[in-house]
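What you see below is based on every heavy atom in this structure, not just the backbone, and it leaves out hydrogens, waters and symmetry mates.
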Amino acid sequence: MDSSRMKNTTLCYIEQNGQYLMLHRIKKKQDGNYDKWIGIGGHFEEYESPYDCILREAREETGLTLLDCTYRGIVSFCSPEFETEQMHLFFCTKFEGSLIDCDEGELAWISKEQLYTLPMWSGDRIFLDLLHQNVPFFSLKLVYDRVGTLLSHELHFSETQRVPLLISACLTGSRCRYDGESKPMSKSLLEALSQKYILIPICGEVMGGLSVPRIPAEVQKDGNVKRKDGQDVTNAYRLGAEEVLRYAKLTGAKAALLKARSPSCGKGKIYDGTFTKTITNGNGITAQLLLHHGITVYTEEEVDALL
Ligand code: SF4
């Protein structure tokens, strides 16, 4: 293969009311993306910039005029089967016009939750995650084998002075706690952290599939997690912890700032499983998994160490 060949493309996720406009590529049998769900975009034409290309592609494929297209990153696709592709990734929440029929596939508005259940390239899930986390401009390299299996990925942020830091979402003001509330740190502390770190909010309980609000749970003596009504929710806590670890690996975060004493996020001290506000030594399920994988965990009571 001629290693000097390289193609430039664009891709845009258009969002409206928590749904993404996706294209189910089922109209061209010779399509390398056949049956995959992808965003809107395509190849550069002569003399086009990334913006020119995505505005034209969106107009041609969807009939929509993009009004606030944000340039979010560059994704490099590498495979022995195809020429290397540099894909310029955009995100858009403001547009005008009405949808038209697309000759490359069927257009559909898909909820963020449903999106991950549809057939798509493994690498697409990675840059979708990055968009959801609102990370700064990034360069993502995806290496596939001949049959389209993702072998590896490499992520770099355009900023070199700030490093990624996982942070309990409830500490940033997200109302993801069991009681539907948050426990936000002061604005000045969050601003000071943002100066130094790319904050990646995570919530092990919500990411494990638990709802908000939910019945409170505590880690038991045997390490399982039970709700106050006795129901075992260990699997959801473990699943959420795995998801948080996946975000740590994806973003390259080496440290996490987590909510003290939570059955998921607590470090060193947690409630003892009796629902009597009694504290014992131990870690929450997410904190434990992160520590096990060499990620340094701080609680909000140790935030000075991060600043
Ligand atoms: Fe906050 Fe962590 Fe509990 Fe989520 S799991 S509500 S981030 S303490």
Is the closest basic N to carboxylate O distance between [X] and [Y] below 4.0 Å?
X	Y	result
Lys259	Glu301	no
Glu302	Lys267	yes
Glu83	Lys7	no
Arg25	Glu104	yes

Work out which heavy atom in [X] is nearest to a heavy atom in [Y]; give both atom names and the distance.
X	Y	answer
Gly39	Leu23	O-CB, 4.2 Å
Pro213	Gly180	CB-N, 4.1 Å
Cys92	Cys69	CB-CA, 4.4 Å
Pro216	Phe275	O-CE2, 3.7 Å
Trp121	Tyr144	CB-OH, 3.5 Å
Ser168	Leu258	OG-CA, 3.1 Å

Under 4.5 Å between side-chain heavy atoms, hopping through other hydrophobics if needed: is there a path connecting Ile202 to Leu291? yes
What do the steps show when you test Asp124 against Trp37 for side-chain hydrogen bond (donor to acceptor under 3.5 Å, both in side chains), and what is the final call? CA-CA 10 Å; Asp124 290 23; Trp37 289 79; over 6 Å; no
Check the side chains of Thr286 and Ser264 for a donor-acceptor pair under 3.5 angstrom, ignoring hydrogens and angles. yes
Side-chain donor-acceptor contact under 3.5 Å, Gln19 with Ser111: no
Identify, with sequence neighbours excluded, every residue that meets side chain to side chain contact (heavy atoms under 4.5 Å, CB included) alongside Ile215. Arg227, Lys228, Asp229
Sorted by chain and residue number, the side chain to side chain contact (heavy atoms under 4.5 Å, CB included) partners of Leu189 (sequence neighbours excluded) come out as Met185, Ser186, Val303, Leu307
Side chains of [X] and [Y], heavy atoms from C-beta outward: is any pair under 4.5 Å?
X	Y	answer
Asp145	Ser79	no
Leu140	Ile126	yes
Thr10	Leu89	no
Val297	Leu166	no
Val143	Leu150	no
Gln220	Val225	no
Glu15	Phe91	yes
Leu257	Leu199	no

Identify, with sequence neighbours excluded, every residue that meets ring pair (Phe, Tyr, Trp, His ring centres under 6.0 Å) alongside Tyr298. none
Run the salt bridge (Lys or Arg N to Asp or Glu O under 4.0 Å) test against [X] and tell me which residues pass, sequence neighbours left out.
X	answer
Arg72	none
Arg246	Asp129, Glu243
Asp304	none

Kindly indicate, with the supporting measurements, whether the criterion side chain to side chain contact (heavy atoms under 4.5 Å, CB included) is fulfilled by Ser188 and Leu190. CA-CA 6 Å; Ser188 56; Leu190 284 170; over 6 Å; no
Checking side-chain hydrogen bond (donor to acceptor under 3.5 Å, both in side chains) between Thr9 and each of Gln86, Glu57, His43, Glu85, which is the one that passes? Glu85
Do [X] and [Y] make the cut of ring centroids closer than 6.0 angstrom?
X	Y	value
His88	Phe44	yes
Phe157	Phe138	no
Tyr20	His132	yes
Tyr71	Phe137	yes

Test your reading of the model: is there a side-chain donor-acceptor pair from Arg175 to the backbone of Glu181, 3.5 Å cut-off? no
Is there a donor-acceptor pair closer than 3.5 Å between any side-chain N or O of Thr62 and the backbone N or O of Ala58? yes
Applying side chain to side chain contact (heavy atoms under 4.5 Å, CB included), run through His153 and Lys141 and close with a yes or a no. CA-CA 5 Å; His153 77 268; Lys141 179 178 176 181; over 6 Å; no
With Gln133, which of Thr251, Leu250, Ile200, Leu128 fulfils side chain to side chain contact (heavy atoms under 4.5 Å, CB included)? Ile200
For a side-chain hydrogen bond (donor to acceptor under 3.5 Å, both in side chains) check, start with the C-alpha distance between Thr93 and Asp68, then their side-chain angles and the critical distance, and finish with the verdict. CA-CA 7 Å; Thr93 53; Asp68 75 339; 2.8 Å; yes
Could you give me the CA-CA distance, side-chain angles and deciding distance for Ile295 and Lys254, then say whether side chain to side chain contact (heavy atoms under 4.5 Å, CB included) is met? CA-CA 5 Å; Ile295 292 167; Lys254 299 280 184 288; 5.8 Å; no
Please evaluate residues Tyr51 and Phe90 with respect to the criterion ring pair (Phe, Tyr, Trp, His ring centres under 6.0 Å), reporting the C-alpha separation (whole Å), side-chain torsions for both, the decisive distance (0.1 Å), and the verdict. CA-CA 9 Å; Tyr51 277 99; Phe90 290 86; 5.1 Å; yes
Atom CG of Asp101 with >12 non-hydrogen neighbours under 6.0 angstrom: no
Hey, is NE2 on His292 packed in by over 12 heavy atoms from elsewhere, all under 6.0 Å? no
